[in-house]
Amino acid sequence: MKYSLREVLSYLGPGFIISVAYMDPGNWATNISGGAKFGTALLWVIVLASCMAMGIQIIAAKLGIATGKGVAQLCRERLPRRVVFVLWVAAELAMIATDMAEIIGAAIGFSLIFSLPLWAGAILAGISSFALLGVRTAHKRGFRWVELLIMSLVGVISIAFVFEMALAQPTAGEITSGLAPGIPNANALYVAIGILGATVMPHSVYLHPYIVQDRRSRLIEDEGDTEEVHRRHFVLESVDTVIALFGAMFVNAAMLIVAAAALEGTGIETLKDAFITLNGVFGGHASLAFGIALIAAGLSSSLVATMAGQTVMDGFLDLNINVWIRRSVTLVPSLAVVMAGFDPTSVLVASQVALSFELPFVLIPLVWFTREEGIMGSFRNSSRTTSVLGIVIVLIIVLNIWLLYSTLFG
């Protein structure tokens, strides 16, 4: 099949919504820590992690395109009720942990740029997240409005790090050496596992099959419910996913490279210290771009997490509550943590550890459902795809368990 550039562009959107999960504030902490401690040595880990993410998200999108359903709904329809309840509770806890990281990240950004206490930044982040949520009403006029909003915020993040890269001026040798696989020492192994282990966010896997439904429905209405129509949709959605996650890979790589240029050897690991140091090394414009990008990452991720939360509740329980109530419920724990005075960087790390608990609960059903011909029809995964995906998922799960154990027991 041949596709025009205009057709490809018209399908860009869902992948960019998913991509914000791969550049949320939780990722910032691991990337900056890796660059500050080990220079560009772990750049290859980001590339590997991104490739793994592309494969998993493409499969998640295929599930939605082939069945018109997501992981949560298929779990409800095919698994015992008690199992479904456990999966739903685990997913909801993951949604809270996700939203906590996003709101705290945006709060740090607001507090740094406007010289506010963190609690004031958190309130601004909460108000801003509600304002962004207003765009959800645009769904009635077409989901494209939501996609364009998220794509705009992703664009802000990307432009900020293009600017940071221009200031850092990394050499080709530094980048090339970072792409060569290698672990400098045991401490670097821990950071590398943190980058890999937090690669796939549970909410992005739950959400992707849902957000392809807008185009799927329109295609069926306009062209019919045929395999050819769905295969074209799948190919174009795969292109969308690869482009979007390649962009996320650039942002994550740029974070690490900029941190290597400005922070290596300083002992700095927190986002606040990174902001201050960037100001000293590259000037005020660099730290301003950093702060703006952090706010954009936190708010866009928060909006996406709310959408994913609706998908989880609707899928597991066949219950669709008001989005404003949903936003309020997940926002309260985030504000409470900030008001209680917990260290924000520690909370960001803890949220990523908490998310590691959820990964097996969403990835294993994803592999299982997409290998079943009775569910996927001709779209079912080949045995080779299932094997490769299984290896990737086992690797991610093992790394998350190792990271969790190391974090809790040193």
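Owing to the predicted nature of the structure, the values given are computational and were not obtained by experimental measurement.
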Check F110 against L116 and note the closest heavy-atom contact, atom names and distance.
O-CD1, 4.2 Å

Measure from NZ or CZ of R326 to the centre of the six-membered ring of W324, then state whether that distance is under 6.0 Å and the direction lies within 45° of the axis.
no

Mind checking whether L153 and L132 have side chains closer than 4.5 Å, heavy atoms only?
yes

Flag, side chain of T40 to backbone of L43, donor-acceptor distance under 3.5 Å:
no

Decide if atom CZ of F361 counts as having more than 12 heavy atoms of other residues, nucleotides or ligands within a radius under 6.0 Å.
no

CG of L236 to OG of S10, rounded to nearest 0.5 Å, is 7.0 Å

Quick one: sort the W88 and F85 rings into parallel, tilted or perpendicular, breaks at 30° and 60°.
tilted

So, taking the atom named OG in S300 and the one named CD1 in I295, what distance separates them when rounded to the nearest 0.5 Å?
11.5 Å

Donor-acceptor pair, side chain of T386 and main chain of R371, under 3.5 angstrom:
no

So, does E102 use its side chain to make a donor-acceptor pair with the main chain of A305 at under 3.5 Å?
no

Evaluate the criterion side chain to side chain contact (heavy atoms under 4.5 Å, CB included) for residue pair L79 and L87; output intermediate values, then yes/no.
CA-CA 10 Å; L79 299 178; L87 293 176; 3.8 Å; yes

F379 six-ring centre to R231 NZ/CZ under 6.0 Å and within 45° of normal
yes

Between T241 and E237, a side-chain donor and acceptor under 3.5 Å:
yes

Whether the side chain of W44 engages the backbone of G182 through a donor-acceptor N/O pair (distance < 3.5 Å, no angle test) should be reported.
yes

Within the side chain of Q169, is there an N or O that forms a donor-acceptor pair under 3.5 Å with the backbone of M165?
no

So CZ of R232 and CD1 of I65: to nearest 0.5 Å the spacing works out to 11.5 Å

Quick check: do L42 and V45 have side-chain heavy atoms less than 4.5 Å from each other?
yes

Minimum side-chain heavy-atom gap P14-I211 below 4.5 Å
yes

With a 3.5 Å distance limit and no angle check, can you tell me whether S302 reaches the backbone of G298 through a side-chain donor-acceptor pair?
no

Can you confirm whether the side chains of D314 and N320 place a donor and an acceptor under 3.5 Å from each other?
no

For R215, is there an ion pair with E147 - N to carboxylate O distance below 4.0 angstrom?
yes

Please name the pair of heavy atoms, one in I150 and one in F16, separated by the smallest distance, quoted to 0.1 Å.
CG2-O, 3.7 Å

Would I96 and D99 count as a side chain to side chain contact (heavy atoms under 4.5 Å, CB included) if you check the C-alpha gap in whole Å, the side-chain angles of each, and the deciding distance to 0.1 Å?
CA-CA 5 Å; I96 293 173; D99 199 51; 5.9 Å; no

Looking only at heavy atoms, the pair that brings L294 and G105 closest together is CG-O, 3.3 Å

Less than 4.5 Å apart, any side-chain heavy atom of T67 and any of M376?
yes

Could you state the interatomic distance from CZ (F234) to CZ (R216), rounded to the nearest 0.5 Å?
13.5 Å

How about E7 and S4: do any of their side-chain heavy atoms sit closer than 4.5 Å?
yes

One thing to verify: whether E223 and R218 come together as a salt bridge, which I'm taking to mean a side-chain N less than 4.0 angstrom from a carboxylate O.
no

In this structure, SG of C75 is separated from NZ of K69 (nearest 0.5 Å) by 12.0 Å

Would you confirm whether R76, through its side chain, and G315, through its main-chain N or O, come within 3.5 Å as a donor-acceptor pair?
yes

From CA spacing to verdict: side chain to side chain contact (heavy atoms under 4.5 Å, CB included), H230, I220
CA-CA 9 Å; H230 294 312; I220 291 175; 3.7 Å; yes

For a 4.5 angstrom cut-off between non-hydrogen side-chain atoms, does L395 reach V398?
no

Quick one: does L359's side chain get under 4.5 Å of M201's, heavy atoms only?
no

CA sep, side-chain torsions, deciding dist, call: L5, L9, side chain to side chain contact (heavy atoms under 4.5 Å, CB included)
CA-CA 6 Å; L5 178 60; L9 292 176; 4.0 Å; yes

Between L245 and S19, which heavy-atom pair has the shortest distance, and what is it?
CD2-CA, 3.7 Å

So CD1 of I257 and CD1 of I46: to nearest 0.5 Å the spacing works out to 8.0 Å

For N381, is there any backbone N or O sitting under 3.5 Å from a side-chain donor or acceptor partner on T385?
no

Side chain to side chain, V154 and I17, heavy atoms closer than 4.5 Å:
no

Flag, side chain of R380 to backbone of T370, donor-acceptor distance under 3.5 Å
no

Mind listing the closest non-hydrogen atom pair of A297 and S301 along with its distance?
O-OG, 2.7 Å

Backbone N or O of G15 within a donor-acceptor pair of the D240 side chain at under 3.5 Å?
yes

Taking atom types as modelled, find out whether Q57 and Y22 have a side-chain donor-acceptor pair closer than 3.5 angstrom.
yes

Tell me the closest heavy-atom pair linking A107 and A125, and the distance in Å.
N-CB, 3.9 Å

